[in-house]
Student: 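Below you will find the structure I want to go over with you.
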2 protein chains.
Amino acid sequence: MADGKNDKLVLERFLPYRLSYLTNIISRKLARLYSEQFDITPHEWKVLANLSRHPNISAAKTGEKTAMDKVAVSRAIKGLCDKGLVHKVFSSEDRRRSVLNLTKKGRDIYHQIEPLVTAYEDRLLSILDKDELVQLDHLLTKLTDQAKS
Amino acid sequence: MADGKNDKLVLERFLPYRLSYLTNIISRKLARLYSEQFDITPHEWKVLANLSRHPNISAAKTGEKTAMDKVAVSRAIKGLCDKGLVHKVFSSEDRRRSVLNLTKKGRDIYHQIEPLVTAYEDRLLSILDKDELVQLDHLLTKLTDQAKS
DNA sequence: TTATTATAGTTACATATGAAACTTATTTCA
DNA sequence: TGAAATAAGTTTCATATGTAACTATAATAA
């Protein structure tokens, strides 16, 4: 190959790095919205939010819904239970399976954090017009499908 | 708010989570292209690729170019030096500053991995048409700017 | 039955990561 | 000059994460 430049990766244009750069910034800022103030980790917040929408589910189902692996879910639930935000019992029909629910305190904290988090998303998306929002949704769907295959 | 559903986060539609889900899949698959075969970590690969394009630079400059923090850069360089892929000296003008370069072995390995990695990106992007590629670039740029602000 | 396999969840271990402290070298400026 | 401040890199420490092993329960099937 005569021109070496053509076979060199340009990191600034490489999709995986552009994506992970963007994702890292967003994840960090998002976590800041609740981590210090409420002493909640990102995994814990994800599980908390999911339990608000889907009460009475098991740890395994929580993992499916949140795309987290079971160890991360287990740890998040332990943290949330220790802080008194989640109540865990084991199902009487199948004593392996947990049944999870927010406590009053968990719901309270969820309702304090949720507006901060959705406001952050709104602010991010506020620079896009309607067409761009549609394009973004479409591109993320397509790329995710392709990445999974 | 009368209807509780409206104030609940829907994780599957939440941009930060969609982005991090996509990014995680891609990062894992990307790393698999070189981690086992060549015993190189993602950070090491990033530094290696950057040094191929920008020889003779310092660790600090490497950090700027790759958006990695200096600890990660330091560790990646140590790993690459230990494996004989990178050569490090300290500048004679400023003896704090390192001067980094790929070794012959480093260049060889770079040239083996680079086509695997760009082929992976090509495959990801192959489902998008020209318009969509332009949209993707545009959206990533806009969102990254907004996320940084 | 009861032996085998599968599932839910936890724990242990090894590695990765980030923040802060540290070391050495350079620059600034009183 | 020579403190004080700054910069480059490294190390330390505490925490996060993922894989694999483990425990307990349930389902399957011989």
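Chain identifiers are assigned alphabetically (A, B, ...) following the order of the sequence lines, protein sequences preceding nucleic acid strands; residue numbering begins at 1 within each chain. Reckoned from all heavy atoms, side chains included, excluding hydrogens, waters and symmetry mates.
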Student: If only atom types and distance count, is the side chain of B:Ser91 paired as donor or acceptor with the main-chain N or O of B:Arg97 below 3.5 Å?
Tutor: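 Looks like no, no N/O pair under 3.5 Å.
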
Student: Side-chain atoms of residues 128-138 of chain A: list all donor-acceptor pairs with protein atoms under 3.5 Å, sequence neighbours left out, distances to 0.1 Å.
Tutor:
residue, atom, partner, partner atom, Å
A:Asp129, OD1, A:Asp131, N, 3.1
A:Asp129, OD1, A:Glu132, N, 2.8
A:Glu132, OE1, A:Asp129, N, 2.9
A:Glu132, OE1, B:Lys142, NZ, 3.0
A:Glu132, OE2, B:Lys142, NZ, 3.1
A:Asp137, OD1, B:Arg18, NH1, 2.7
A:Asp137, OD1, B:Arg18, NH2, 3.2

Student: Under 4.0 Å, heavy atom to any atom of DNA chain D: which of residues 92-102 of chain B qualify?
Tutor: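 Only B:Arg96, B:Arg97, B:Ser98 qualify.
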
Student: For A:Lys46, is there any backbone N or O sitting under 3.5 Å from a side-chain donor or acceptor partner on A:Asn50?
Tutor: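 Not a single qualifying donor-acceptor pair exists.
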
Student: Name the one of B:Lys104, B:Gln112, B:His111 that satisfies side-chain hydrogen bond (donor to acceptor under 3.5 Å, both in side chains) with B:Asp108?
Tutor: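 The passing option is B:Lys104.
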
Student: Quick one: does any side-chain atom of A:Lys29 pair with a main-chain N or O of B:Ala147 as donor and acceptor, under 3.5 Å?
Tutor: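 Indeed, once roles are kept as given, a pair shorter than 3.5 Å links the two residues.
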
Student: What does B:Lys61 touch in the nucleic acid at a heavy-atom separation under 4.0 angstrom: a base, only the sugar-phosphate, or nothing?
Tutor: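 Result for B:Lys61 = nothing.
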
Student: Which atom pairs, one a donor and one an acceptor, fall under 3.5 Å between side chains of residues 118-125 of chain A and the rest of the protein, sequence neighbours left out?
Tutor:
residue, atom, partner, partner atom, Å
A:Thr118, OG1, A:Glu114, O, 3.1
A:Thr118, OG1, A:Pro115, O, 3.4
A:Glu121, OE2, B:Leu15, N, 2.9
A:Arg123, NH2, B:Ser149, O, 3.2
A:Arg123, NH2, B:Ser149, OG, 3.4

Student: Does A:Tyr21 sit in a hydrophobic cluster with other residues, and if so which ones, taking ILVMFWY side chains as linked at heavy-atom separations under 4.5 Å, directly or through other members?
Tutor: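 Noted: A:Tyr21 shares its cluster with A:Ile25.
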
Student: Give a yes or no answer on whether the side chain of B:Ser98 reaches the backbone of B:Leu100 with a donor-acceptor pair at less than 3.5 Å.
Tutor: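 Judged by distance alone, no pair lies under 3.5 Å.
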
Student: With a strict under 4.0 Å distance from non-hydrogen atoms of chain B, what nucleotide opens and what nucleotide closes the contacted stretch of DNA chain C, reading 5' to 3'?
Tutor: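 The protein-touched segment is C:dT17 to C:dT26.
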
Student: In whole Å, I'd like the distance from the NZ atom of B:Lys70 to the P atom of D:dT6.
Tutor: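 Rounded to the whole Å, the gap is 14 Å.
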
Student: If we only count heavy atoms from C-beta on, is the B:Leu30 to B:Val117 side-chain gap below 4.5 Å?
Tutor: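 Yes, side chains in contact.
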
Student: Might you list the N or O atoms of the protein lying below 3.5 Å from N or O atoms in nucleotides 14-18 of chain D, with each pair's distance?
Tutor:
residue, atom, partner, partner atom, Å
D:dG18, OP2, A:Asp69, OD2, 3.2
D:dG18, N7, A:Arg75, NH1, 3.2
D:dG18, O6, A:Arg75, NH2, 2.5

Student: Do the non-hydrogen side-chain atoms of A:Arg75 and A:His43 ever get within less than 4.5 Å of each other?
Tutor: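 No, their side chains stay 4.5 Å or more apart.
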
